[in-house]
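Everything on this sheet refers to the single structure shown next.
Because the structure is predicted, anything quoted here is derived from the model rather than measured.
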Amino acid sequence: MESLAERLFPGVTETPEQIIARYPKRNLPEGAAVTRFAPSPTGFMHLGNLYGAIVDERLAHRSGGVFMLRIEDTDLKRSVNKGVEKIISTLGRFGLCFDEGVTRDGERGNYGPYRQRQREKIYKVFAKALFEAGRAYPCFATEEELKEMRERQKAVKDNPGYYGKYAIWRDADEERILKALDEGRPYVIRFRSQGDPSRKIIHNDLIRGRMEIPENNNDFVLLKSDGIPTYHFAHVVDDTLMGTTHVVRDESWLPTLPWHLEMFAAMKELFGWKPPKYIHTAQLLKLDNGKKRKLSKRKDPELALDYYGAEGYPEQSLVEYLMTVLNSNYEEWRAANPDADQRDFPFSIKKMSAAGALFDMDKLIDVSKNLIARMGADEVYSSLYAWANAYDPEFFALLDADPDYARAILGIGRGGKKPRKDLAVWKDAKPYMAFFYDELFAPEYVYPENMPGEDILAVLKVYAGIYDTSDDSAAWFDKIKTLSARLGYAPETKLYKAAPEAYKGHVGDVSMVLRVAVTGRQNSPDLYEVMRLLGKDKILKRLEKAADQLER
RNA sequence: GGCCCGAUGGUCAAGCGGCUAAGACACCGCCCUUUCACGGCGGUAACGGGGGUUCGAUUCCCCCUCGGGUCACCA
């Protein structure tokens, strides 16, 4: 004769002890943290994912522990083809690599399977054990019934949930259950709570410290009607079997923490299980109409990590920025160790804030500018090259056609004690470099207002005759000074300032004419360097073009 | 609405009973400078309110307020 447990959990042949034996205690040094990144394979990777993953990775790798990837695919609606591939490659770009768990072509490690769908039988074994211990029961309530119930609760201002008198299947006798089973009605397995919200439990969170939270009294779902566990149950089972020591997740999990703790308490009685350490992280917020709110997938493109790739933020910029949010002393450390590897920073949970942080794009841009300013021209070129290859074919073609030229352009003002910081993202490079390429050269001839047209024309014409590629920067500038003086402009700015009435303007004005003619705009990096790179032919053509424009 | 979390300048934040309340970003001014970028110097700007505890509270406790989160067979 088949028992009720066997009918409720068909196909369960193993015992909990057999399974537990397959997941031995890990052999790791004292204090080593085992963490896991456990996303649903939605294919959507966002800032919060990265934020949490950095914490997981740092904790594991700084302690000589293990960083694993577990895929929480218990909800089919959230699964997407290639989702896993996307997760691994995205995190990989940010320098986060897993030691264990799901991989591109399978999985690695002795604590798998690491995809929850493939662990179905394991969960059932433990659910069955809970049932047999009186800590779980089947519930045949339909969705409509539950919905109705919630409405009733709302109407009488009771707390929503499946508890107390609302737990209609909690005390069903075997006869009733068998009848429902015979009728083939779908059912879920619920946890039988013994909690009382008027009592408090003490929880020590690694970020928030000591917390007092009411006990749970909800008979929440362990196994859904398709036999797949909810997140809550899977969390308890997996993180125990896999030996997770630290669970990092965002604070929106705090409200269900009492559920998890009560499950652990039940599992402790049965199998001696203990909960991991919890790290409930603050959320990244955004200011919207003067109000803070959680970043939203629909409304905020900057939530998606793909956004930063397309804009051309170096991956490391985002990591650096997130580190400054994660550990308040990171900036100080970075200032003292400008060239150190970010991984050498003594990351600490103690330095993490419990309060939510507004995502600060200005700060990210600043961080990114500094990061790019520290790179050499070759590194800038190769990163820019890769970015353009993916996002800007026209620009890519130019970069590809003459790598040395591009590298030389990017090398202007780079490498010294006070490097230029023109670039925050790779997208900035095209407008910054555009005038170096005839294909992109789109001049706007705006000359100093104090200069009459004939003087401008004279500068353009005369200079065309005296520019010499072999001049060094001093000789080059001397020529401009001499030209200035000849036309009635002060050869030194100081002279002009001392006696403005004696001159029509100063050498800066004359330089500006040349700059505008050659670069097509009023701002540029060092004009001497610019001209050297452009070469005499281009310079002469551009001077001529500018003169033509003026004469017309 | 119940429950939970949080609260120092516009933003991120240091502070952990006694300070002229750091620093960074942003903003403004000056200097440097042939433009820009960089750099230097300086400036505006904060402990949400009320009660306690204490010789003394930004710091500890309570209440209020405000902000956020969460109340699924989603994670």
Side-chain angles (χ1 to χ4, degrees), chain A residues 38-40 42 72-78 139 141-143 146-147 150 153-154 157-162 186-190 197 205 207-208 211-214 218 220-232 234-235 249-258 280 282-283 285 287 291-294 321 324-325 328-329 331-332 334-335 351 353-367 369 373 412-413 416-423 432 448 477 480-481 484 491-493 506-516 519 521-528:
Chain A
S40 327
T42 58
E72 311 226 324
D73 54 358
T74 53
D75 183 13
L76 277 182
K77 291 188 291 293
R78 295 170 70 111
C139 165
T142 62
E143 252 177 78
L146 293 172
K147 197 176 159 212
R150 275 193 289 273
Q153 288 169 330
K154 206 173 164 187
K157 296 192 166 146
D158 255 351
N159 285 333
Y162 196 95
Y187 60 95
V188 300
I189 301 298
R190 285 182 183 274
D205 193 90
I207 289 189
R208 281 147 222 281
M211 295 170 60
E212 268 185 43
I213 45 184
N218 242 278
F220 52 87
V221 174
L222 259 21
L223 251 33
K224 299 183 270 188
S225 58
D226 59 0
I228 300 294
T230 55
Y231 164 84
H232 312 288
H235 154 54
R249 34 138 85 149
D250 85 82
E251 63 182 330
S252 64
W253 289 106
L254 244 19
T256 47
L257 180 61
H280 287 98
Q283 294 185 317
L285 308 170
L287 212 53
K291 294 209 161 197
K292 288 182 190 174
R293 65 166 171 76
K294 206 169 154 178
Y321 169 68
T324 67
V325 178
S328 50
N329 56 331
E331 275 189 278
E332 194 186 331
R334 175 51 82 199
K351 285 289 180 181
S353 170
L358 242 35
F359 184 72
D360 188 347
M361 197 61 88
D362 283 331
K363 185 87 181 184
L364 205 213
I365 287 171
D366 179 68
V367 166
K369 278 186 178 172
I412 296 177
K417 195 89 183 109
K418 298 190 282 185
R420 299 186 65 88
K421 296 181 181 173
D422 304 280
L423 270 32
Y432 173 68
F477 197 47
I480 298 176
K481 286 181 182 168
S484 302
E492 305 280 350
T493 317
H506 58 86
V507 67
D509 298 321
V510 175
S511 300
M512 183 55 79
V513 169
L514 293 172
R515 182 186 321 279
V516 168
T519 69
R521 57 196 203 194
Q522 293 194 310
N523 307 332
S524 80
D526 184 70
L527 192 55
Y528 170 72

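Taking 3.5 Å as the limit, the base of B:C38 and the side chain of A:Arg420 contain no donor-acceptor pair of atoms between them. Scanning atom types as modelled, one donor and one acceptor separated by under 3.5 angstrom connect the side chain of A:Arg515 and the base of B:U34. For A:Thr230 and B:C73, a side-chain-to-base donor-acceptor distance below 3.5 Å is absent, hydrogens and geometry of angles not being considered.
Neither OP1 nor OP2 of B:G2 sits under 4.0 Å from any side-chain N or O of A:Lys154. In this model, the phosphate group of B:A75 is not approached by any side-chain N or O of A:Arg249 to a distance below 4.0 Å at OP1 or OP2. At the phosphate of B:U70, OP1 or OP2 sits under 4.0 Å from a side-chain N or O atom of A:Lys294. Within the 4.0 Å cut-off from OP1 or OP2 of B:A14, at least one side-chain nitrogen or oxygen of A:Ser328 is found. At the phosphate of B:A75, OP1 or OP2 sits under 4.0 Å from a side-chain N or O atom of A:Lys224. In this model, the phosphate group of B:A75 is approached by a side-chain N or O of A:Thr74 to a distance below 4.0 Å at OP1 or OP2.
Looking at heavy atoms from C-beta onward, A:Thr230 lies in side-chain contact with A:Lys224 at the 4.5 angstrom threshold. Looking at A:Val325 and A:Lys363, their side chains never come closer than 4.5 Å, going by heavy atoms from C-beta outward.
No more than 12 heavy atoms of other residues, nucleotides or ligands shown are found within 6.0 angstrom of CD on A:Glu332.
Counting only Watson-Crick and G-U wobble pairs whose two distances sit under 3.5 Å, RNA chain B takes part in these stems of three or more pairs: B:1-7 with B:65-71, B:10-12 with B:23-25, B:27-31 with B:39-43, B:48-52 with B:60-64.
In this structure, the nucleotide among B:G6, B:G15, B:C25 sitting nearest to the side chain of A:Lys351 is B:G15.
By the 4.0 Å N-to-carboxylate-O rule, A:Lys77 lies close enough to A:Asp75 to be salt-bridged with it.
By the 5.5 angstrom centroid cut-off and the 30-degree plane limit, A:Phe477 is classified as stacked against the base of B:U34.
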